[in-house]
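One structure below.
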Amino acid sequence: MPLAVAPGLLLLLLLASGTRGALVVSVPTSPVRAQPGSDLLLGCHFSVGGAVDMDALVVQWKLGGRPVAEFSEVQSYFRAGASLSLEGLRVGNASLLLPRVGGTDAGLYTCSIIHSPSRESRQVELRVEAPPRVSVSGTVVRAGEHSTVTCSVNSFYPESVNITWLRDKQIVGGPETPLAQPGPDGLYSATSLLQLVPSISHTDANYSCRVQHITLGAPIQEPFQLSVLSQPRLTLLQPLVTLEGQVTLQCLVSGYYPPDITVQWLRDGDPLVTMESSPMKETDGSFALRSSYILNHPESNAQANFACRVQHPALSTPLESTATWTVPTCTKTCLRVIGLILLVLLLLLAMWLMYQCCNISISQIHVRECFPEGSVTMLLCEAEGRLRDTDSLTWRSLRLGKELGSGQPGELSALMPKPEQHHVVTWRHRLGLGRQRLTSVLTVQTPRDKESFSCTFRLGARDMQQTQITIPGVAPAPPPHSWFPVVQLPWQKVSPGPTPS
Ligand SMILES: *[C@@H]1O[C@H](CO)[C@@H](O)[C@H](O)[C@H]1NC(C)=O
Ligand SMILES: *[C@@H]1O[C@H](CO)[C@@H](O)[C@H](O)[C@H]1NC(C)=O
Ligand SMILES: *[C@@H]1O[C@H](CO)[C@@H](O)[C@H](O)[C@H]1NC(C)=O
């Protein structure tokens, strides 16, 4: 151990050199510091200005008033393990070896040298001390749970230590002087606990554990921040089903912190390409996100198990929730839409049917008497609509209760009076859009009494619509200018239709 010599002592040493009988003793500068448990050589050197006469030499080490070691012809020791070196004494080295120093070794030592007739002594202070080492643990805490942060102060001596907890420079715990526990090396350890129920907002705070100890000029501040963990909650949402039948499985992950998270959809354990919303920050500082998987062929996946899996630092094992996909029965919206479509279809069908069958109109029977003396009466009946070639207009005499026939397609010339009792001629005229006009003309000998005729529209074999007329028996004089009503009648321009098959 290097020994410092005070400048004054050095001067004395220089002055004494060569002067026989002058005794000079030197010790290191006070205080000497030693860690508990270490071996210490407490220096003390002397000079007698020549060879040391061992018979005239007495060396005494004392701590306070108690003797520690002595040499006077023989060596005596009063502290276990203390020793002086005989060889050292012969050359002026009276350093005291103290193995494994402890708290009881601290104090003011006196090194006294007697080299008859001279005697000299020097004092040196020994301090046994060790500065503390500070560490903080338990800073990973769970939001909303009772948590304990530990400040460990180790390897210090002497045993008194003060610990204070600070948050953003405000005292939140202590100062306390915890009970220190001695270790096998003679050094002390102590701990202080900070109890808290953290919230996510505590992650931003700057904490520290402040330790005061006699060996420290300024207290040690061990800074730390809390890592607050908040466990994610997993909720499976109702799958989204579009009208096109596309199904989107969805899970909601919420309440987690920190924001790093892995959310994955699995199909029977195999990872799927997953879509994720960007995380949303909630008011309490936690995060939430929605993860979706689009099922392109829902029916073929009917028997598969789909799971939403979450991995997060707050979870020891991944969180998983399984959805067994069932082919959706129609949702309410879907039912409504289908109902609406069916209704529209029904309406369209009804309209089509009405257009097909009922939109056939049959005209009133027009009467024209022609030929002089009104001997011949012509009755005209028309039907218009989506007629088929099998549809017909049939004349009937109500007096005779007899059908007069549907008539044959014919030319206008066929209207010329015939000797028979009656004669029927029919035309078809195509009007476009599948519509036809059927015109039928009944020519009869004007009866003597009044007589009724009917014109019936026949759809296939069924009578659909009927119109009838009664003509007076006595024929009035015919209009002199025209015997044939071609000018007034709408069917006048009609050209004959094709022959019904
Ligand atoms: C004095 O003696 C001790 C042994 O007792 C030795 O370790 C030390 O080095 C010596 N000092 C000097 C300066 O020779
Ligand atoms: C905590 O310390 C950091 C850097 O040392 C600083 O930026 C931050 O503002 C501090 N937080 C508070 C709440 O004081
Ligand atoms: C610890 O605190 C007490 C009381 O506040 C004080 O008397 C003592 O000196 C402190 N100890 C240290 C090592 O700072």
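Side chains included, hydrogens not; waters and symmetry mates left out as well; all remaining heavy atoms used. Predicted, not measured: the structure shown is a model, and the values here were computed from it. Each ligand, and each atom within it, is numbered from 1 in the order the structure gives.
- Annotation: S95 places no N or O atom under 3.5 Å from an N or O atom of ligand 1; distance criterion only.
- Given atom 2 (O) of ligand 2, the protein heavy atom at minimum distance is N206 ND2, 2.4 Å.
- Close approach to S85 involves these atoms of ligand 1, each under 4.0 Å from a residue heavy atom: 5 (O).
- Close approach of ligand 2 to D168 is summarised as follows: ligand atoms under 4.0 Å from at least one heavy atom of the residue are 12 (C), 13 (C), 14 (O).
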(message) Run the side-chain contact (heavy atoms from CB on, under 4.5 Å) test on E222 and V211 for me, step by step, so that the C-alpha distance in whole Å, both residues' side-chain angles and the decisive distance to 0.1 Å come before the verdict.
(response) CA-CA 8 Å; E222 184 66 20; V211 176; over 6 Å; no

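- Side-chain N or O atoms of H312 include none that pairs as donor or acceptor with a backbone N or O of V263 at under 3.5 Å.
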(request) Decide side-chain contact (heavy atoms from CB on, under 4.5 Å) for D105 and R79; before the verdict, give the C-alpha distance in whole Å, the side-chain angles of both, and the deciding distance to 0.1 Å. (result) CA-CA 9 Å; D105 292 318; R79 184 234 189 243; 2.6 Å; yes

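- Of the listed residues (L96, N93, V68), just one forms a side-chain contact (heavy atoms from CB on, under 4.5 Å) with L84, and that residue is L96.
- Distance alone, capped at 3.5 Å, is enough to place a donor-acceptor pair between the Q264 side chain and the L272 backbone.
- For the side-chain contact (heavy atoms from CB on, under 4.5 Å) test with S30, the passing option among R122, R127, E125 is E125; the others fail.
- Ligand 1 is approached by H45 to a heavy-atom distance shorter than 4.0 Å.
- Applying the 4.0 Å criterion to heavy atoms of D204 picks out, from ligand 2, the atoms 11 (N), 13 (C).
- Aromatic ring pairs are classed by plane angle as parallel below 30°, tilted from 30° to 60° and perpendicular above 60°; the pair Y207 and F224 is parallel.
- Atom 9 (O) of ligand 2 lies below 4.0 Å from none of the non-hydrogen atoms of the protein.
- Ranking protein heavy atoms by distance to atom 12 (C) of ligand 3, first place goes to N162 ND2, 3.4 Å.
- Atom 4 (C) of ligand 2 is never approached by the protein to below 4.0 angstrom, counting heavy atoms only.
- Counting atoms of ligand 3 from 1 in the listed order, those under 4.0 Å from a heavy atom of Q212 are 13 (C), 14 (O).
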